[in-house]
Amino acid sequence: MNFDALMLEMAVALLALLILVADLLMEPGQSRRKLGYLAIAGLTGLLLVSLGRYGMQGAFFNGLFLQDDYALFFKQTFLIGAILVCLFSLDTVDNLPHSRAEFYVLLLFAVVGMMILASANDLITLYVGIELMTFSFFILVGYVLCETKSTEAAIKYLVLASAASAVMLYGMSLLFGIAGQLSYNALAKGLTASPALIVGGVMVLSGFAFKIAAPPFHMWAPDVYEGAPIPVTALLAMGSKAAGFAAMVRIFAEVFPGTGYPWPLLLLLLSGAAMLVGNLAAIPQTNLKRMLAYSSVAQAGYLLTGMLSGGFAGVKGVLFYLMIYVFANVGAFAVLTAVSRHRNGETIGDIAGLSRKAPVLAVVMTVSLLSMAGIPPLAGFVGKFFLFSSAIDAGYLWIAVLGFVLSMVSVYYYLNVVKSMYLGAPADDRPFEIAMPVRVTAVFAMAATLAMGVYPGPLSQLAETAAKTVFK
Amino acid sequence: MENGGLMHTLAFFLLSGITLAAAMGVVFKRNLVHSAFLLSVTFLGVAGLYMTLQAEFMAAVQALVYSGAVAVLVVIGVMLTHRQQMSRSNPPNKMLLVGALAALSVVGAIVWAILATPWKVGKGSVVTAGDIGRRFLTDFAPPFEAVALLLLAALIGAVVLFKGGKAQS
Amino acid sequence: MIGLSHYLLVGAALFGLGLFGLLTKRNLIAVLMSIELMLNSVNINLVAFSRFSATDAAAGQVFSLFIIAVAAAEVAVGLALAYAIYRGRDTVSVDEMNWLKW
Amino acid sequence: MWADFSLHHAWLIPLLPALAFAIISFFLLRSPWLAARLAIAAMGTAFLIALGVVWAVGSKGITVEAPFVMKTVWFSMPGLVASMGVLVDPIAAMMLFVVSLISLLVLIYSTGYMTGDPGYARFFAFMSLFAASMLAMVIATNFLQMFVFWELVGLCSYLLIGWYFFKISAREAAKKAFMTTRIGDFGILLGILFLQIAFGTLDFGELAVKVPAYVQQNGVALLTCVALLLFAGPIAKSGQFPLHVWLPDAMEGPTPVSALIHAATMVVAGVYLVARAFAIFSVLPGAMTVIAWLGCFTALFAAAIALTQREIKRILAFSTISQLGYMMLALGVGSLTASMFHLMTHAFFKALLFLGAGSILHALHDKADIFEMGGLRKSMPATCAMMGIAVLAIAGIPPFAGFFSKDEILVAAAHVSTPLYIGASFTAFLTAFYMARLFLVAFFGEENPHNHAHESGLAMLAPMGVLAVFSIIAGIVPFTMGFGDWVRFGPAHHAGIDWGIASASTLIALAGFGLAWAIYGNGARRSDAIVKQVGVLYSLSLNKFYIDEIYQWFNRNIVTGLARVLYWVDLNVVDGIVDGAAQKSGAVGNILRRFQTGQTQHYAALMLMATVMMTLILAITAGAVAGGGKI
């Protein structure tokens, strides 16, 4: 048995257990900040180690667990996201009334689940990966029990996610019935055209659509995003979505193309719906977390256009876009954390006049939002360019046009926030205190967004290498 | 139980009848305690169906984990959260029609899939507990470890959530 | 002669009942129970396929064991959350959990 | 030495102000003095490099056909290699010089004008970024790079126009500017996309080779559409009819911002884009005709509006639109030289006009109506003199700068079409009239006893003085030095004056002055009687031909109508599904509980319905329903 393939996953899991044990050894009242730093240091170390693992290809456990550049790229995306989220959640965690160490533990568990998803090459591994991630999120979402909103969000997420995975499981059972096996390779050969394949495939797709929040499977997202603690929302928005795409792209690239059904049509519909609903529903939102939720729905729509072509150019766009989305997202949520700590709220009114109280944060927020809107020269523009041009090359001109139009619309609500920050008057004149980790995270995220927009070459190269390993 | 015999047929209909009837009870009963106990019966019925499929190990796990642990957990949950008015503790909401429509259309799609698909029914194979165990420790080692983490996460979660609930009240 | 389709149909019926319960029960705990019904129907499918048609029969049963494990954990977390919201709002009605909307 | 260095480091020109922006916004927001000095130092250095670039272009024989290009790969993907780099040719060099010089002068002017503003340091940061984006746009080597900075220019203008955020009008103006220009940006993005698909490249140099070849093979139909899509950007950004509506409102920003927008950065970006892509436009007669006529119409139309406006900055804004129309007209009739020449001279005298207007507003505490100013000649002599120079320049009186560039345009137009020439000449008449009106009423009218005007400080007057000098010499000096040999498209354009046209245009301008003198001269107010005689025309002009109202009507009746239809669908279809028929009536009053009801089970029901729908779609498209499982 080759446990080297599982090295990253096991290391993160061990890190989590280490924190759990260390927590028991510490005084009950003591701050758990050290444990947060431990998590950050551990994850950063792993990220550095993982950089050397490109080019190591292989299938393990009878081909059920893949180690390739594609999985590695995603794992690095998760690691980067988790590191940054840990960094700007240090203060949030310090202010939790209880169970502070467990926060990091569960966050790391979620990362393990995402990593497993990226490597999964059979339905069981896929399912367990999804559930490990989702379970950690159930608890993290409901973490702030003194706010029943948080609990309500957790319950909604639990009920809907469980229902979605039940539907997905039923679909998987039908696929198993047709092919008689569970590994992707066997499914690719064994899936013959039949009604069961239609129903099973659609059910599996529904499960994925839930994870990536594509309408009408997106309804949980705004409510849960609003109710969850901000760092959790950030990780949910990027990690859960990225992991969903990681698994979905693999399945749709390896398993379904041979079946002869027009799967891209469904992806097209989901993509169009996501762009429409996400961008239009975001306009009237006043709560920034809700607005970002709808915006993340729209991002899922953009990302789905990359899957339409079924070729590696589109997948490359997906990889690239997810990585830069992590940075834009971290930037926005880090700023939101600071604002929320100051004002105890996250509405557009709470952020008004931020440019005068915390100019750096205002700039970071502006850059992050404009990157999501796809304004050049920020990274989001390049990402959208990759995605849409792959769709156009595959003959889906109109979805790209729709994407363009709705990106223009999205500028409107993003700019509303910018307007409020720069042109609004602050709601109070208390001095604005920004914790150092939050500032560091925010500035780093902005620098990355700018750098990747101005010079996207290396990342796009990396994404291309990674995408190629899916299409052997 | 051998496949295809009269006994098998009888057992199948009996067990599936019990299972479905109990499941209907779970869904339609207005008393949550009744629903909880009928859920246990459903699980046992499913365990019986596994027996007719010669999946004894599965049946055992089903009976132990589900009927035992899960059902007990549910009952505890019922006890914790509802203290009075048990007879009306499990009412339906206002979307019976929509719910029925949605459920029926999904079931319709599934039934179409089941009936219209030419399943390749082979001679069938019986799985032993040993097979399962071996697979757990070889091919499926990654998910096996992941599920261990998942149970740990659930444990931590339950503790966190219960503890938090107390701290605040 | 009882065959694969019979089991699948029982599974489908159970799935439908679970769905109906999921959509129409007010009590959170009853909703969780309904989800359990749906998961059981999946397990029936998997075990039936592994008995009748699968080339890799053990995989189906392994899958359903995983599902059982996850389902048990799900109930635990779900109940903890139900308890938490009951403490906070004195209700476990799913349709009263609508503070987060629009 | 310096020229060599400048040429190879031309990328420093935009980078220095961009760095100034970054440093100010991160470190210097609380030290305004230092911020202003830093911004000016960065811009000054950039200007010196730009001078070096101009020198290098002259001394090294860099021509339009043989530009200086430095490129690196920006990012690449299958079918697209986007490069980023520096393209310097005489056109770009001219732009670098003009933009950096005017930005520098405006920054110096702002140190005086913005004194006391709470956002002093921030202002300099934004202005630096604004100029940096424009400069970066100028040296772009391909459409994508250009578009990137084009957008950045738009964003900065949004922030600067909305500078006085506490004024609702300012906020609305900022939004209007951004949204209107985005309409154009959408067209430009589509145009770029089509170019990429059709030619596989966005590089200006490569396109210049490929497009004419393509036209010879495949005709002009498709490319004309592409060119018009591309032209949508300039229409919006350069304030051409009918997307000019944002420009007059954009004067809500501080006056230095207006000067920068109107003279050197934002609005000329559109003209520059057409010039840069002239290889595409020049082979498409249809597109050229559209550009020429639209330009001519805009020039005339905006001049007609400017006749009756009362606010000083608003008059200047419409005059900018009119002059931009001139530049477009020149491009449309195929004379890149004339257009660029006018762009340059216009930049100087329009910047001077705006800075002068700012000086007046500063002195009068933002009293903007020219009829309330009255007799500023005595209290503000320096401003008066310099504004006078600018007025002579814009009216096209020889030997001021505007005369030479306007003459080139008129000559070019006369060669192509007489109606265009007549339109342009008439515009010249109107221009002379309304500029004289502004000048006479504001400086020579009766003194308003409520005004306590005083001359502005040196920080404001010095930049104006520089601009005044340029407004005098920027025409004749380049003209004699052979501007047309360098800045051109196609064969060299030899300087020469068509004496007939020149004398005609001079006479026309003088006639405009004369009419203005007859009506407004000597502090007289003979205008009321005239207004009565041409009442309809007057109110049309005063109300800007009701364009804003037409848009509002459209918005109210068409857009709102669409919104109503969508609302009806939402109410009756979506809600019907989710809430069930029984609850429909009860839910009518509750508008916001539509989709996101907060009810977990509604969400679940919708998800399941979607799953069923997807199954149906797939089954039907695959034909599996009828075929019993076989495709």
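So that the names make sense, note that chain A is the first sequence line, chain B the second, and so on, each numbered from 1.
- The two atoms that bring G16(C) and A103(B) nearest to each other are O-CB, 3.8 Å, heavy atoms only.
- The aromatic ring centroids of F63(C) and F140(B) lie 6.0 Å or more from each other.
- Here the shortest heavy-atom pairing between K25(C) and K29(B) reads NZ-O, 3.5 Å.
- Summarising the geometry, atom OH belonging to Y50(B) is positioned 9.0 Å from atom CD belonging to Q61(C); distances are rounded to the nearest 0.5 Å.
- Taking both residues in full, the closest heavy atoms of A73(C) and L150(B) are given as CB-CD2, 3.7 Å, listed atom of the first, atom of the second, then distance.
- The shortest side-chain heavy-atom distance between V127(B) and V47(C) does not fall under the 4.5 Å cut-off.
- Between V62(C) and F144(B) the shortest side-chain heavy-atom distance does not fall below 4.5 Å.
- Nearest heavy atoms, R135(B) versus A58(C): NH1-CB, 3.8 Å.
- Note that CG of L14(C) and CG of L20(B) are 6.0 Å apart. Values are rounded to the nearest 0.5 Å.
- For chain C, the option among L155(B), L96(B), T42(B) with the highest count of heavy-atom pairs below 4.5 Å is L96(B).
- In this structure, F20(C) and V106(B) have side chains that are not in contact, with every pair of non-hydrogen atoms separated by 4.5 Å or more.
- Between chain C and the residues V107(B), T117(B), I132(B), the largest count of heavy-atom pairs under 4.5 Å involves I132(B).
- The backbone N or O of S53(C) sits nowhere less than 3.5 Å from a side-chain atom of K120(B) that would complete a donor-acceptor pair.
- Between I114(B) and A12(C) the shortest heavy-atom distance is CD1-CB, 4.0 Å.
- Counting only heavy atoms from C-beta outward, the side chains of V46(B) and N43(C) never approach each other to under 4.5 Å.
- Taking all atoms of both residues into account, the shortest heavy-atom contact from T24(C) to G99(B) is CG2-CA, 4.1 Å.
- No other option in L32(C), D56(C), L22(C), V70(C) has as many heavy-atom pairs under 4.5 Å with chain B as D56(C).
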Steps toward side chain to side chain contact (heavy atoms under 4.5 Å, CB included) verdict (F28(B), L17(C)): CA-CA 9 Å; F28(B) 292 113; L17(C) 281 169; 4.3 Å; yes
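- Between L23(C) and V98(B) there is no side-chain heavy-atom pair separated by less than 4.5 Å.
- Here the CZ-CD1 distance, from F13(B) to I2(C), works out to 4.0 Å after rounding to the nearest 0.5 Å.
- Note on ring orientation: taking the six-membered ring where Trp is involved, the planes of H8(B) and Y7(C) are tilted (angle from 30° to 60°).
- Counting heavy atoms from C-beta on, the side chains of M58(B) and I68(C) come closer than 4.5 Å.
- Residue I44(C) holds its CD1 atom at 8.0 Å from CD of Q62(B), rounded to the nearest 0.5 Å.
- Residue N45(C) does not touch chain B at all, counting heavy-atom pairs closer than 4.5 Å.
- For a residue to count as touching a neighbouring chain, one of its non-hydrogen atoms must lie under 4.5 Å from one of that chain's; by this rule L4(C) touches chain B with the side chain only.
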Derivation and outcome, side chain to side chain contact (heavy atoms under 4.5 Å, CB included), residues V27(B) and M33(C): CA-CA 9 Å; V27(B) 175; M33(C) 292 189 212; over 6 Å; no
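- Chain C forms more heavy-atom pairs under 4.5 Å with one residue of I110(B), L53(B), L39(B) than with any other, namely L53(B).
- More than 12 non-hydrogen atoms from other residues, nucleotides or ligands lie less than 6.0 angstrom from CZ of F12(B).
- The candidate with the highest count of non-hydrogen atom pairs below 4.5 Å against chain C, out of A113(B), A100(B), G157(B), is A100(B).
- No other option in P143(B), A158(B), A55(B) has as many heavy-atom pairs under 4.5 Å with chain C as P143(B).
- Taking L8(C), N40(C), V77(C) one by one and counting their heavy-atom pairs under 4.5 Å with chain B, the maximum is reached by N40(C).
- Only the side chain of F49(C) comes within less than 4.5 Å of a heavy atom of chain B; its backbone N, CA, C and O stay farther away.
- Considering OG of S50(C) and CG of D131(B), their distance stands at 10.5 Å, rounded to 0.5 Å.
- The distance from atom OG1 of T52(B) to atom NE2 of H6(C), rounded to the nearest 0.5 Å, is 12.0 Å.
- Contacts of A153(B) with chain C are absent, with no heavy-atom separation under 4.5 Å from either backbone or side chain.
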